[in-house]
Protein chains: 2
Amino acid sequence: MRLSTKARYGTRAILDLAMHYGEGPILIRDIAQRQGISKKYLEQIIAALKGAGLVKSFRGAHGGYALARDPASIKMSEVVQALEGPLTLVECLEDPSICSRAPYCVAMEVWARVNRAMLDALDSLTLQDLVDRQIRKGLGYGI
Amino acid sequence: MRLSTKARYGTRAILDLAMHYGEGPILIRDIAQRQGISKKYLEQIIAALKGAGLVKSFRGAHGGYALARDPASIKMSEVVQALEGPLTLVECLEDPSICSRAPYCVAMEVWARVNRAMLDALDSLTLQDLVDRQIRKGLGYGI
DNA sequence: TTTAAAGTCTACTAAATTAGTAGACTACCA
DNA sequence: TGGTAGTCTACTAATTTAGTAGACTTTAAA
């Protein structure tokens, strides 16, 4: 159960945007370079963040990307869900009718519990928290 | 981030064994039938549980499988790890040296936190807890 | 009004993983 | 010694992942 590169890269990319919040449009090319990610791949990843309304874009010359909202108002659960899709370990939690065993299934309860734990952990962190940690931890690689 | 069928089926299979703990060897064929899983596929899944020392096998006539230890001593984290492999969302948590960014990486801290939350949830449940819940919830499908 | 810079959209692909199937083989009890 | 039951290895179809590629659109500024 590994996280996809999309979620890992996307998280770093949006943190990069958060670190530059208020500076106007940031070039995808610069994010790609700072984070060591292919620019072309990053385009697709950022598109997912834009689709979720977490990031906004400016087209044309002097365009780029910026956070759509204040970093303190963006929960990490939103970010990860935008990148990985619904954070549900097992489909039957979303729709129990797909499995005839659901009414008696105890395994489901286990997955529900793990799910809630993950969600709680991600709900309790905002992008601003990450920015603060990044500043405390030090800025490597010219972030 | 969906759980594999291996983890889902395997969890139900070992719970089935736990429900029949103390009854001697249980046939893989019967588990497969009760749980609605292909017998051939279940063989491979149970092999993983055996490899992790959670289940023991008896070959030959009147053989089958049984829990290797008391259900109360088997944590769900052991079960899931036996089936899914290391429960680490991101490789760099196991070995930070694989990523030159690790020393400054704040994303890593997020994944570590989520990881701990998942592990805690699974550590706090034993197979016996599942058996108890199953009994309280009712036995569907002739489990 | 042209031009270059920037994001957007769609299609393609190689590699890896998942979810099995298949079958020959070995061990054990009666 | 026969049959029951687990074991081992190989194969495969489908899906997902992790990108690459390129033509297209929008826009600021010269």
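Here is the naming used below: chain letters follow the sequence lines, and residue numbers restart at 1 for every chain.
- Atom pair A/Asp30:CG and C/dA5:C1' shows a separation of 13 Å (rounding to whole Å applied).
- Among the heavy atoms of the strands, none lies under 4.0 Å from A/Ile46.
- Closest contact between the side chain of A/Glu43 and the listed nucleotides C/dT26, C/dT8, D/dA5 involves C/dT8.
- A salt bridge is defined here as a Lys NZ or Arg NE, NH1 or NH2 lying under 4.0 Å from an Asp or Glu carboxylate O, and B/Arg2 with B/Glu84 fails to meet this definition.
- In this structure, B/Arg69 contributes its side chain and B/Ser73 its backbone to a donor-acceptor pair below 3.5 Å.
- For A/Arg59 against D/dT27, no side-chain N or O and base N or O form a donor-acceptor pair under 3.5 Å.
- We find the CD1-CD1 distance between B/Ile46 and B/Ile28 to be 4.5 Å, quoted to the nearest 0.5 Å.
- Considering only the side chain of B/Ala61, D/dG3 comes nearest among D/dG3, C/dA30, D/dA28.
- At the phosphate of D/dT17, neither OP1 nor OP2 sits under 4.0 Å from any side-chain N or O atom of A/Tyr41.
- Summary of the strand contacts: A/Arg29 and A/Met1 both lie near DNA chain C, and taking for each the nucleotide with the nearest heavy atom, the more 5' one is attributed to A/Arg29.
- Among the atoms of the strands shown, none is found under 4.0 Å from any heavy atom of B/Lys56.
- For the pair A/Ile28 CD1 and C/dA5 P, the computed distance is 17 Å after rounding to whole Å.
- The pair B/Lys50-B/Glu43 does not count as a salt bridge, with every side-chain nitrogen at least 4.0 angstrom from each carboxylate oxygen.
- When the nucleotides D/dG19, C/dT26, C/dA6 are ranked by their closest atom to the side chain of A/Leu27, C/dA6 comes out on top.
- Distances shown here put every side-chain N or O of A/Thr5 at or beyond 4.0 Å from the OP1 or OP2 atom of D/dT17.
- Each of B/Glu84 and A/Gln44 was assigned the nucleotide of DNA chain C with the nearest heavy atom; the assignment lying further toward the 5' end belongs to A/Gln44.
- Using a 4.0 Å heavy-atom distance criterion, B/Lys39 is classed as making no nucleic acid contact.
- When atom types are taken as modelled, the side chain of A/Lys56 and the backbone of A/Tyr65 share no donor-acceptor pair closer than 3.5 angstrom.
- Residue-to-nucleotide proximity on DNA chain D shows that, of B/Gly63 and A/Lys6, the 5′-proximal contact is made by B/Gly63.
- Of the side-chain N and O atoms in B/Ser4, none sit less than 4.0 angstrom from OP1 or OP2 of C/dT17.
- Counting only heavy atoms from C-beta on, B/Lys40 has its side chain closest to D/dT7 among D/dT7, C/dT8, D/dA18.
- Distance from the side chain of B/Tyr65 is smallest for D/dG6 among the nucleotides C/dT8, D/dA28, D/dG6.
- At D/dT7, one or more side-chain N or O atoms of B/Ser57 fall inside 4.0 Å of OP1 or OP2 (strictly under the cut-off).
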